[in-house]
*Asks:* 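Following this message is one structure expressed as structure tokens.
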Number of protein chains: 2
Amino acid sequence: MTTSLSTTSYALLGLLVFDGVSSQQGMTGYELKQRADLTLRFYWVSPAMSQIYTELDKLRRHGLIDAVDDTAGKRTTRRFVITAEGRTSLETWLHTSEHEFPILKHPIALRLLMGALMGPGEIEAMLDGYTSALAKRRSELESVREMLGDDPAVAYPAHVAEWGLAYYDAEVEIVDKLRKKL
Amino acid sequence: MTTSLSTTSYALLGLLVFDGVSSQQGMTGYELKQRADLTLRFYWVSPAMSQIYTELDKLRRHGLIDAVDDTAGKRTTRRFVITAEGRTSLETWLHTSEHEFPILKHPIALRLLMGALMGPGEIEAMLDGYTSALAKRRSELESVREMLGDDPAVAYPAHVAEWGLAYYDAEVEIVDKLRKKL
DNA sequence: TGTAGCATGTAAGCCGTTACATGATTGA
DNA sequence: TCAATCATGTAACGGCTTACATGCTACA
């Protein structure tokens with residue numbers, strides 16, 4: 001059962017291992033997507049809904065999660081629960097896999113590379129736009145950070161959120177300095 | 001001819017527009033890959049060789065570049081030159097396309113999110129490894145920055161390189177602070 | 001003479017997106 | 001009753017990687 005999965009698969013498995021929160025056992029695909037929007041989005045990707053379901057199916061076929069039909073509510077939904085095998089698989093991945101270097105896809109920096117083809121006003125406008133997009137992102141992540149509070153159960157997610165906030169702050173500062181040099 | 005291309009296509013087109021450097025006119029696929037490794041890699045991606053050739057073929061079919069058989073050397077190679085159409089297409093893209101927010105795929109932060117499943121020593125080791133990978137990356141980019149010098153022709157690439165250096169510095173600082181909090 | 005670098009491609013396949021399709025439940 | 005949200009999928013396709021295949025050239 002060591003057909004290695006993609007990082008995204010393990011990321012979703014990681015959301016399922018800290019399932020906890022809700023009164024129900026396990027999570028629906030829909031809930032998983034919402035959770036991904038609050039966490040994975042900032043440091044990885046938040047897969048499309050369709051991809052979530054595809055991944056869940058793959059994880060289930062690999063025996064890493066169980067699908068449980070939940071008939072408690074008015075409506076039957078499928079809840080997914082990590083299995084013992086899933087837990088060990090995730091831990092093995094954490095312990096043994098390569099720690100790849102982060103990948104940054106930065107359209108703003110890419111465009112600035114071709115700054116000679118843009119007008120100075122256009123560059124200004126682009127950087128302005130980027131700064132406000134950063135501010136928006138930052139406030140979204142700030143809400144997440146506040147939601148986590150100081151509950152020791154989510155100490156690590158809180159650390160990571162703070163990492164993200166510090167990154168956004170650094171980026172704002174870099175852009176400010178850059179603007180002055182232009 | 002407004003079948004919109006991928007960002008990567010435009011990025012390569014952007015490398016071809018600043019062709020300049022060599023005595024020859026245009027660039028080979030191989031040279032383009034080398035250039036991408038020096039620039040695009042840090043802010044976007046450096047596509048695989050096979051992808052480079054695929055993109056070049058697509059750009060040629062769209063009339064954005066010309067392929068010229070170069071028989072000057074001992075060996076015939078294909079050199080690619082941007083066309084007038086290619087130039088305007090690139091400029092149109094710069095002027096009109098959406099400025100998407102950067103995408104960060106950060107395996108280290110992702111793993112830290114599941115820090116509760118890792119031992120403290122393991123986390124330390126991971127962050128250590130990341131710090132040295134950062135130092136290596138930084139020195140690679142530093143070489144690029146030095147190569148660019150203060151030639152006004154490459155002022156923008158130089159600005160972007162400095163952006164990258166500042167980013168790596170900020171990341172090191174963030175990781176240092178994080179390590180103290182753990 | 002052999003190896004590293006230059007040079008150019010094709011094929012298979014993974015990962016992920018958008019578009020499409022469907023339907024239930026909640027609350028204004 | 002109507003819209004927003006919850007909930008679950010399939011199909012088509014784009015973008016990119018790895019593996020494979022081929023061959024020349026410079027130089028130690």
Side-chain angles (χ1 to χ4, degrees), chain A residues 3-13 22 24 26-38 40-41 44-62 65 67-80 98 100-101 103-105 107 110, chain B residues 3-13 22 24 26-38 40-41 44-62 65 67-80 98 100-101 103-105 107 110:
Chain A
T3 336
S4 72
L5 302 166
S6 67
T7 302
T8 298
S9 293
Y10 286 112
L12 292 177
L13 205 50
S22 87
Q24 311 281 339
M27 296 172 78
T28 67
Y30 195 90
E31 285 168 355
L32 212 53
K33 168 64 174 167
Q34 292 177 95
R35 191 69 68 87
D37 282 340
L38 290 180
L40 300 187
R41 176 161 70 103
W44 190 250
V45 283
S46 186
M49 282 291 346
S50 63
Q51 178 68 2
I52 299 261
Y53 288 112
T54 304
E55 291 289 348
L56 284 172
D57 201 50
K58 185 165 54 177
L59 290 171
R60 195 186 45 71
R61 285 197 321 269
H62 279 76
I65 59 176
V68 182
D69 279 335
D70 173 16
T71 51
K74 303 231 159 179
R75 173 179 166 190
T76 302
T77 58
R78 300 186 88 194
R79 298 198 156 263
F80 296 89
E98 283 298 303
E100 311 90 22
F101 197 80
I103 290 173
L104 185 60
K105 289 190 151 199
L110 179 63
Chain B
T3 336
S4 71
L5 301 166
S6 68
T7 302
T8 298
S9 294
Y10 286 112
L12 293 177
L13 204 53
S22 87
Q24 312 279 341
M27 296 172 78
T28 66
Y30 195 90
E31 285 168 353
L32 211 54
K33 168 64 174 168
Q34 291 177 94
R35 192 67 70 85
D37 282 339
L38 291 180
L40 300 187
R41 176 162 68 104
W44 191 251
V45 284
S46 187
M49 282 293 344
S50 63
Q51 178 69 1
I52 299 262
Y53 288 111
T54 304
E55 291 290 348
L56 284 171
D57 201 51
K58 184 165 54 176
L59 289 171
R60 194 187 45 70
R61 285 198 320 269
H62 279 77
I65 60 177
V68 183
D69 278 336
D70 173 17
T71 51
K74 305 232 158 178
R75 173 180 168 188
T76 302
T77 57
R78 301 186 88 194
R79 296 196 158 264
F80 297 89
E98 283 296 305
E100 312 90 22
F101 197 80
I103 290 173
L104 185 61
K105 288 189 151 199
L110 179 63

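Atom set for the values below is all heavy atoms of this structure, side chains included, hydrogens, waters and symmetry mates excluded. Residue numbering restarts at 1 for every chain, and letters A, B, ... go by the order of the sequence lines.
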*Asks:* If you walk 5' to 3' along DNA chain D, what is the first nucleotide with an atom under 4.0 Å of a heavy atom in chain A, and what is the last?
*Replies:*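 Going 5' to 3' along DNA chain D, contacts run dT5(D) to dT10(D).
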*Asks:* Output the distance between atom CG (L32(A)) and atom CG (L40(A)), rounded to the nearest 0.5 Å.
*Replies:*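 It is 8.0 Å, given to the nearest 0.5 Å.
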*Asks:* What heavy-atom pair brings L56(B) and G29(B) nearest, and what distance separates the two atoms?
*Replies:* CD1-CA, 3.7 Å
*Asks:* Within this structure, what is the CD1-CG distance for the pair I52(A) and D57(A), rounded to the nearest 0.5 Å?
*Replies:*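 One gets 13.0 Å once the value is rounded to the nearest 0.5 Å.
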*Asks:* How long is the span from the NZ atom in K58(B) to the OG atom in S6(B), to the nearest 0.5 Å?
*Replies:* 4.5 Å
*Asks:* Would you kindly give the CD-to-C1' distance between E31(B) and dT8(C), to the nearest whole Å?
*Replies:* 13 Å
*Asks:* Enumerate the protein-to-nucleotides 17-19 of chain C contacts in which both atoms are nitrogen or oxygen and the separation is below 3.5 Å.
*Replies:*
| from | atom 1 | to | atom 2 | distance (Å) |
| --- | --- | --- | --- | --- |
| dT17(C) | OP2 | A48(A) | N | 2.9 |
| dT18(C) | O4 | S50(A) | OG | 2.9 |

*Asks:* Starting at OG1 of T7(B), measure out to CG of L12(B) and round the result to the nearest 0.5 Å.
*Replies:*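 So the OG1 of T7(B) and the CG of L12(B) are separated by 11.0 Å.
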*Asks:* Check every strand shown and say whether T8(B) touches a base, only sugar-phosphate, or nothing at a heavy-atom separation below 4.0 Å.
*Replies:* sugar-phosphate
*Asks:* Look at R79(B) together with E31(B) and state whether they make a salt bridge at an N to O cut-off of under 4.0 Å.
*Replies:*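 Judged by the 4.0 Å cut-off on N to carboxylate O distance, R79(B) and E31(B) do form a salt bridge.
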*Asks:* Heavy atoms only: give me the nearest T8(A)-P47(A) pair and the separation to one decimal.
*Replies:* CG2-CG, 3.8 Å
*Asks:* Grab the OH-P distance between Y53(A) and dG23(C) for me, whole Å please.
*Replies:* 16 Å
*Asks:* Just how far is it from atom CZ of R35(A) to atom OG of S46(A), taken to the nearest 0.5 Å?
*Replies:* 12.0 Å
*Asks:* Could you give the CG-to-P distance, from D57(B) to dA11(C), as a whole number of Å?
*Replies:* 13 Å
*Asks:* Report the distance from atom CG of L32(B) to atom P of dT8(C), rounded to the nearest whole Å.
*Replies:*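 Spelled out: CG on L32(B) to P on dT8(C) is 10 Å.
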*Asks:* With heavy-atom distances below 4.5 Å as the criterion, would you say the side chains of L13(B) and Y10(B) are in contact?
*Replies:* yes
*Asks:* Remember a base hit wins even if backbone is also touched, and classify K58(B) as base, sugar-phosphate or nothing at under 4.0 Å, heavy atoms.
*Replies:* sugar-phosphate
*Asks:* To the nearest 10°, let me know how far the axis at one end of the helix from dT1(C)-dA28(D) to dA28(C)-dT1(D) is tilted from the axis at the other, five pairs an end.
*Replies:*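 Nearest ten degrees gives 30° for this helix.
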*Asks:* Please give, in whole Å, the distance from dC6(C) P to K33(B) NZ?
*Replies:* 13 Å
*Asks:* Between F80(B) and Y30(B), which is nearer to the 5' end of DNA chain C once each is assigned its nearest nucleotide?
*Replies:* Y30(B)
*Asks:* Counting C-beta onward and ignoring hydrogens, is there a side-chain heavy-atom pair between R78(A) and D70(A) closer than 4.5 Å?
*Replies:*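 No. Closest side-chain heavy atoms not under 4.5 Å.
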*Asks:* Please examine the side chains of P107(A) and E98(B), heavy atoms only from C-beta on, and report whether any two atoms are closer than 4.5 Å.
*Replies:* no
